[in-house]
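Everything on this sheet refers to the single structure shown next.
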Amino acid sequence: MAKYNFKEKEKHWQNFWAEEKIYQFNPQSQKSFYTVDTPPPTVSADYLHAGHIMSYSQAEFIVRYKRMRGFEVYYPMGFDDNGLPTERYVEKKYNLNKNNINRAEFIKKCLAETKIAIQTYRNLWQILGISVDWTKTYSTINQHSQRISQWSFLDLFKKGKLIHKDDPVYWCTNCQTALAQADLEDTEESSFLNYLTFKTKDNKEFLIATSRPELLPACVALFFNPKDERYKKLAGKKAQVPLFNQQVPILADEDVDIDYGTGLMMVCTWGDIEDVKKCRKYDLTYRAVFTQDGKLNELAKEFAGLKIDKARQEIIKKLKAEGFLKKQEEIIHVLNTHERCKTPVEFIKTKQWFIDILSVKNKLLAQINKLKWYPSYMKKRAIDWINALNQDWCISRQRFYGVPFPVWYCQQCGEVIVAQEKDLPIDPLQTQPSNYQCAKCKSNKLIPEKDIMDTWMTSSVTPLIIAGLIEDKAVQKKLYPINLRPQAFEIIRTWLFYTVVKSYYHHQSLPFYEVMISGHGLDDKGQKISKRLGNFIPAEKIVEKYGADAVRYWATGSTLGENLRYNEQEIKKGSRTVTKLYNAAQFCFLHFKKDDYSKLKIDDLLLEDKWILHYLNQTVKNSVKYFDNYQYSKARDEVDNFLWHYFCDNYLEFVKHRLYQNEPDKKAKTVLSYCLLAIIKMYAPIMPFIAEEIYNLYFADFVKTKSIHLTSWPEIIKNLKYSSKETEEFEKVLSVIRDIRKYKSEKQISLGEEVGEYTTSIKLSENNIEFIKQVAKVKEIIVK
RNA sequence: GGGCGGAUAGCUCAGUUGGUUAGAGCGUACGGUUCACAUCCGUAAGGUCACAGGUUCGAUUCCUGUUUCGCCCACCA
């Protein structure tokens, strides 16, 4: 008997699907559209592992299911290649940094890397059988995406939602760019709380605890809690800062924690967000000491030019030497770092573009509530994030590889000039508005904006980008808002949140109706997979070894929203399921002739036929219920159970005696073929290759649809008339068969061997006695 | 410090609105098969449902608290 060669067959069907354009979206279709947003993977992942397989497969199960449920599915593919992740990747690979980069050269390198990465991803999606319409792809750096990102900027500009301000902003001193709150990640760091002596003009000494003595030159005020009796006498006085000797006011504020350190707080330009708040609230002096590349400036006197952490050490040394340092306490504190490079972020005052989000928090919360979340508890993460926001969305980055701002400034008066919509996409460094004259100052000299946009400026309009890939405007309208956003939980605060923001401002609508949140892929010990730990097998290797169907089978294993361990046992189970399906099909086809495929006639079925069809009905019903709620793992369990325990272990055995006859029973064959087709259809979303293979071995000729993936989901057979009496009857039959099997097992008799007689107390009809004698191989059944 | 999710068989996990004996797969033990099955089938052993209270006729399920793991968030200088 022919074995199923997954390597050969999977390759074959990949090509078949591509050549026959099975997954191509038809904009003219009369069916309802079902659009899926694709999470553009960042190209910097040059290692693809089980986690990538898992997250993409999980979204794709739904895509295939919906296609078979009669929707015209629009499933394009995007590649997220612009922005800092790619820049970081290229910098590392070529050992570059911002200060030794030629902008044009650098962008060229980024584009080249992008191309390679896209190919790597595309290859994996193809061998996995991800059913994307490959004629509809985009990358976040291409002209189409740039045009829409810039349009988004212009639209927000017109609507007055943009703020261009010179303000303290989160800053990465390593990447040397402004950041948004969402780009931060907390890290624990052990450090020292240093108790330093300050004194007033009249030489009254007191202690202040600080973990950042390098900020002493930037100190602008001291604060205590007005309820704190210890310091009331200091109110209104001035203090002298050790080493740097500037005089700073001593003020009271209720936010100061009496119990932390000495209860006195040193406020600087700016060590953290609390400093920023206090400086604003009390309009304190501006004394910034940090430079954009993470050093101290001339305010630090002899320490000027030192890196921040080096300066801290040196200043502590000198404080100690001069007797200002009274004691040090070891502490562990949390600090914000840039999630891409883990460098602690600082506040630096620079001019940046922001999107107003703080003033519409409540509106955004309402939008989040209107979305349908799967699983529902994930909504809380978005709500918590919005409530925690303390900065508007900073969208400008002092980097090179990304979408340019369509903006110039008047050299003389600084007036902002934005591009015309018809000219997009545009790079202000390359192009200038012709015949320009400033309306305010009549100058005709313009300075182009050289910053680029936050990469999420593009990712946040993916629904518009994918709708825009279709020419027809009427179809575009039908594609937006889209139906489903599949994504992982760690980008709720970015991809999901920002997309909701954009859609709210642009269209006063939701960008999508439903969101399906998946978890992470973990290694076999439950650890997060990471390049650094090297705890993964490359994705292509896994597929090569077990086949795409088997790996996809593993990927169905997690409950939605939960992490999934890499588990080779499960993949092997997937392989076994493929084999089982193939063998069951082979067995059927051995007996089938062309004319055995005919319409099921319900009226003249035997009891065992009704029984199997009844459970098939249940399986179809449940699979629909589960898939509709994105519970693909439960849907799979249902089908697995039906295949192994109802169809193979029992029904196939029940009908063998009807097939091995001179005149094989045609009814049995009809029921077999009906069940088999339904089974492979229900497996098709999960294991598309084996389903297609079996379909084409027999069914394609009759169903007259060239791919199983274009057929429709099995229907529930109505009027089966499997009465409760019959149900009860057949349950008795099954229990007797079970007993006989047990009996034979205990007596160590082969199941295939015919035994003389078997006695049961269960009352059975003549027909059923005959049936049991046939399938359980017993000569005589005695009912007592 | 706040929030979210988990803790069920040796392992990985299901357990639907509270209701007889808590399930599956893998693994283990014993047996049978090679006439669809790179096997497959049958039978069996294995659980104080993290812990402690409470509500109830009845709790793995609901409530409270504790322990513990994971994740997210936070300005404690």
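Because the structure is predicted, anything quoted here is derived from the model rather than measured. Within every chain, numbering begins at 1; the chains are lettered A, B, ... in the order of the sequence lines, protein sequences first and strands thereafter.
Looking at A/Lys326 and A/Glu205, no side-chain N of the basic residue comes within less than 4.0 Å of a carboxylate O on the acidic one, giving no salt bridge. A salt bridge is absent between A/Asp640 and A/Lys580: the closest approach of a Lys/Arg side-chain nitrogen to an acidic carboxylate oxygen does not fall below 4.0 angstrom. Salt bridge present: A/Lys278 and A/Glu274 bring a charged side-chain N and a carboxylate O closer than 4.0 Å.
Within the structure, side-chain hydrogen bond (donor to acceptor under 3.5 Å, both in side chains) pairs that include any residue of residues 256-267 of chain A do not occur (at least two apart or interchain).
Nucleic acid contact class of A/His333 (heavy atoms, under 4.0 Å, all strands): sugar-phosphate only. Contacts of A/Cys588 with the nucleic acid, taken as non-hydrogen atoms under 4.0 Å apart, are absent. Using a 4.0 Å heavy-atom criterion, one finds that A/Leu193 contacts no nucleic acid atom at all. Contacts of A/Asp640 with the nucleic acid, taken as non-hydrogen atoms under 4.0 Å apart, are absent. Using a 4.0 Å heavy-atom distance criterion, A/Leu652 is classed as a base contact. Residue contacts shown for A/Lys572 are absent, as no nucleic acid heavy atom lies under 4.0 Å away. Using a 4.0 Å heavy-atom distance criterion, A/Asn387 is classed as making no nucleic acid contact.
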Problem - Sequence-aligned protein contact record of nucleotides 4-11 of chain B, with B where the base is within under 4.0 Å of a protein heavy atom and S where only the sugar-phosphate is - result: SS------
Handout entry: Steps toward side-chain contact (heavy atoms from CB on, under 4.5 Å) verdict (A/Tyr566, A/Ile537)
Key = CA-CA 10 Å; A/Tyr566 179 70; A/Ile537 304 167; 3.7 Å; yes
Handout entry: Audit row: A/Asp272, A/Arg212, salt bridge (Lys or Arg N to Asp or Glu O under 4.0 Å) steps and yes/no
Key = CA-CA 10 Å; A/Asp272 57 32; A/Arg212 301 199 66 184; over 6 Å; no
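Look at A/Asn583 and you won't find any side-chain N or O under 4.0 angstrom from OP1 or OP2 of B/C40. Not one side-chain nitrogen or oxygen of A/Lys573 sits closer than 4.0 Å to the OP1 or OP2 atom of B/G25. A close approach under 4.0 Å does occur between a side-chain nitrogen or oxygen of A/Lys656 and OP1 or OP2 of B/A36. At B/G25, none of the side-chain N or O atoms of A/Arg576 fall inside 4.0 Å of OP1 or OP2 (strictly under the cut-off). In terms of phosphate contacts, A/Ser558 brings no side-chain nitrogen or oxygen within less than 4.0 Å of OP1 or OP2 of B/C13. Between A/Lys278 and B/C75 there is no side-chain polar atom (N or O) within less than 4.0 angstrom of OP1 or OP2. Distances shown here put a side-chain N or O of A/Tyr660 below 4.0 Å from the OP1 or OP2 atom of B/A36. When the side-chain nitrogen and oxygen atoms of A/Gln586 are compared with OP1 and OP2 of B/C35, none of them lie within a distance under 4.0 Å.
In this model, no side-chain donor or acceptor of A/Asp272 finds a partner on the base of B/C75 within 3.5 Å.
Of the residues listed (A/Ile273, A/Ile357, A/Leu358, A/Val276), the one engaging A/Gln391 in a side-chain contact (heavy atoms from CB on, under 4.5 Å) is A/Ile273, and it is the only one.
The distance from atom OH of A/Tyr646 to atom P of B/C41 is 15 Å, rounded to the nearest whole Å. Atom CD1 in A/Ile690 sits roughly 14 Å away from atom C1' in B/A38 (whole-Å rounding). Between the NZ atom of A/Lys777 and the C1' atom of B/C41 there is a distance of 13 Å, given to the nearest Å.
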Practice task
State the dot-bracket string of RNA chain B. Criteria: Watson-Crick or G-U wobble, both atom distances under 3.5 angstrom; notation: ( ) intrastrand, [ ] crossing earlier pairs, | interstrand, . unpaired.
Solution key: (((((((..((((.....[...)))).(((((.......))))).....(((((..]....))))))))))))....
